[in-house]
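Read the structure below first, then the notes.
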Amino acid sequence: MDHVGVLALFDRDMRQGAQPDGPGARVERVGGVVRQVADAHGWNGVVWSDLDEAGADAAIAEQIAHYSGLGHEFEWKLYGHDLPVDLGQRLRDAGFTALPEETLMIAEVADLTLDVEPPEGIRLLPVTDRRGVDLVADVHEEAFGTDSSRLRHQLLARLTDDPDSVVAVVALAGDVPVSAARMEMVPGTRFAGLWGGGTVEGWRGKGIYRALVAHRARAAVDRGYRYLQVDAMSASRPVLERLGFEPLTTTTPYVYVP
């Protein structure tokens, strides 16, 4: 893979050319910043910036003022190659909190290993309705220990209003949900994103996550997408590398709470 070329394509398609990630959201381009604005249930944040040392602090202050005026917590999604090089420190100085660093991993779908089946005793259930959304959210709450009310709202809204833009799946052991994940697709781009792959404790290390990646990759092939991208935590990176994903840069969420 041409890492430099694919990263430039990702920046252009998915960041500079960002599209709203769900009903009720909008993308705004202000100066050197591309940001999404949504309601309290949606994701609010900066997806792209083209800043220099002279203007970075003013741009940061403008985003703080904008989202604070709306009463929204927001995220500045900082990538390892973003400029200026001290942008992360500037965000921290302005009151942002850095969450754990992730690795942007991308694979060309044609190069992936797709003939991966779930382990014995596990079946995959496509998510198409509220009941399935509840199963996904319940798994995420147990796997990650976080509140999933925003995920419930966003996933159900996408399945209702734009079902062709998302693929979600739950892994069941009998009737018990033990893992879940989704894939989000952006029309007119070459990238589909893998999100939220989580497995409850006691079922990890059995190949379920690997099977969920392969399931979504096959769906991406069927829909004509060339690349898959993942913001990978350290635990999932080795699995993704074995499947054929390659690390291109880092990404760190910086969160500001008004």
Side-chain angles (χ1 to χ4, degrees), residues 7 10-51 55-106 140 144 146-155 157-158 162 165-166 182-186 189 191-196 229-233 248-258:
L7 184 58
F10 175 81
D11 280 343
R12 186 170 70 245
D13 277 9
M14 305 301 290
R15 302 182 66 205
Q16 287 176 283
Q19 299 178 36
D21 70 358
R26 66 183 185 274
V27 170
E28 301 176 341
R29 291 167 174 82
V30 181
V33 169
V34 178
R35 66 192 180 202
Q36 175 169 294
V37 178
D39 61 21
H41 295 290
W43 184 84
N44 286 273
V46 173
V47 296
W48 164 261
S49 64
D50 182 17
L51 306 174
D57 290 338
I60 292 170
E62 196 281 328
Q63 303 315 310
I64 292 174
H66 177 75
Y67 285 106
S68 296
L70 297 173
H72 290 339
E73 172 183 323
F74 75 104
E75 177 184 320
W76 192 301
K77 195 164 176 58
L78 180 69
Y79 288 78
H81 58 292
D82 287 348
L83 297 176
V85 293
D86 64 346
L87 184 53
Q89 184 60 55
R90 291 171 186 260
L91 291 169
R92 289 191 292 272
D93 290 345
F96 287 77
T97 299
L99 300 184
E101 182 182 271
E102 301 167 340
T103 301
L104 173 66
M105 303 188 72
I106 292 179
H140 283 203
F144 299 121
T146 56
D147 178 73
S148 292
S149 56
R150 177 179 291 179
L151 172 63
R152 291 178 197 270
H153 175 85
Q154 289 179 302
L155 182 53
R158 291 189 76 150
D162 193 10
S165 71
V166 63
R182 69 188 189 279
M183 177 172 69
E184 297 179 0
M185 296 155 288
V186 183
T189 75
F191 294 89
L194 304 187
W195 300 97
Q229 62 97 182
V230 186
D231 292 345
M233 301 295 288
L248 268 63
T249 187
T250 60
T251 178
T252 305
Y254 282 82
V255 175
Y256 187 92
V257 180

Just verifying a value: how many Å separate Asp231 CG and Thr103 OG1, rounded to the nearest 0.5 Å? 9.0 Å
What salt bridge (Lys or Arg N to Asp or Glu O under 4.0 Å) pairs are there with at least one residue in residues 56-71, not counting sequence neighbours? Arg35-Glu62, Asp57-Arg90
When you compare the side chain of Val34 with that of Arg15, does any pair of heavy atoms fall below 4.5 Å? no
Please examine the side chains of His66 and Val33, heavy atoms only from C-beta on, and report whether any two atoms are closer than 4.5 Å. no
Tyr256 vs Phe74 aromatic rings, parallel, tilted or perpendicular, using cut-offs 30° and 60°? tilted
Do Glu75 and Trp43 pair up side chain to side chain, a donor and an acceptor below 3.5 Å, judged on atom types alone? yes
Side-chain contact, heavy-atom cut-off 4.5 Å: His140 with Thr146? no
Does some side-chain heavy atom of Pro23 sit less than 4.5 Å from a side-chain heavy atom of Arg158? yes
Quick check for you: to the nearest 0.5 Å, what is the distance between Lys77 atom NZ and Gln36 atom CD? 12.5 Å
Distance col, row Leu151:CG vs Arg182:CZ, nearest 0.5 angstrom, shows 5.5 Å
CD on Gln154 to CH2 on Trp195, rounded to 0.5 Å: 11.0 Å
pair Phe10-Ile106: side-chain heavy atoms closer than 4.5 Å: yes
On a heavy-atom basis, which atom in Val47 and which in Tyr79 lie closest, and how many Å separate them? O-CE1, 4.5 Å
Could you state the interatomic distance from NE2 (His81) to OG1 (Thr249), rounded to the nearest 0.5 Å? 5.5 Å
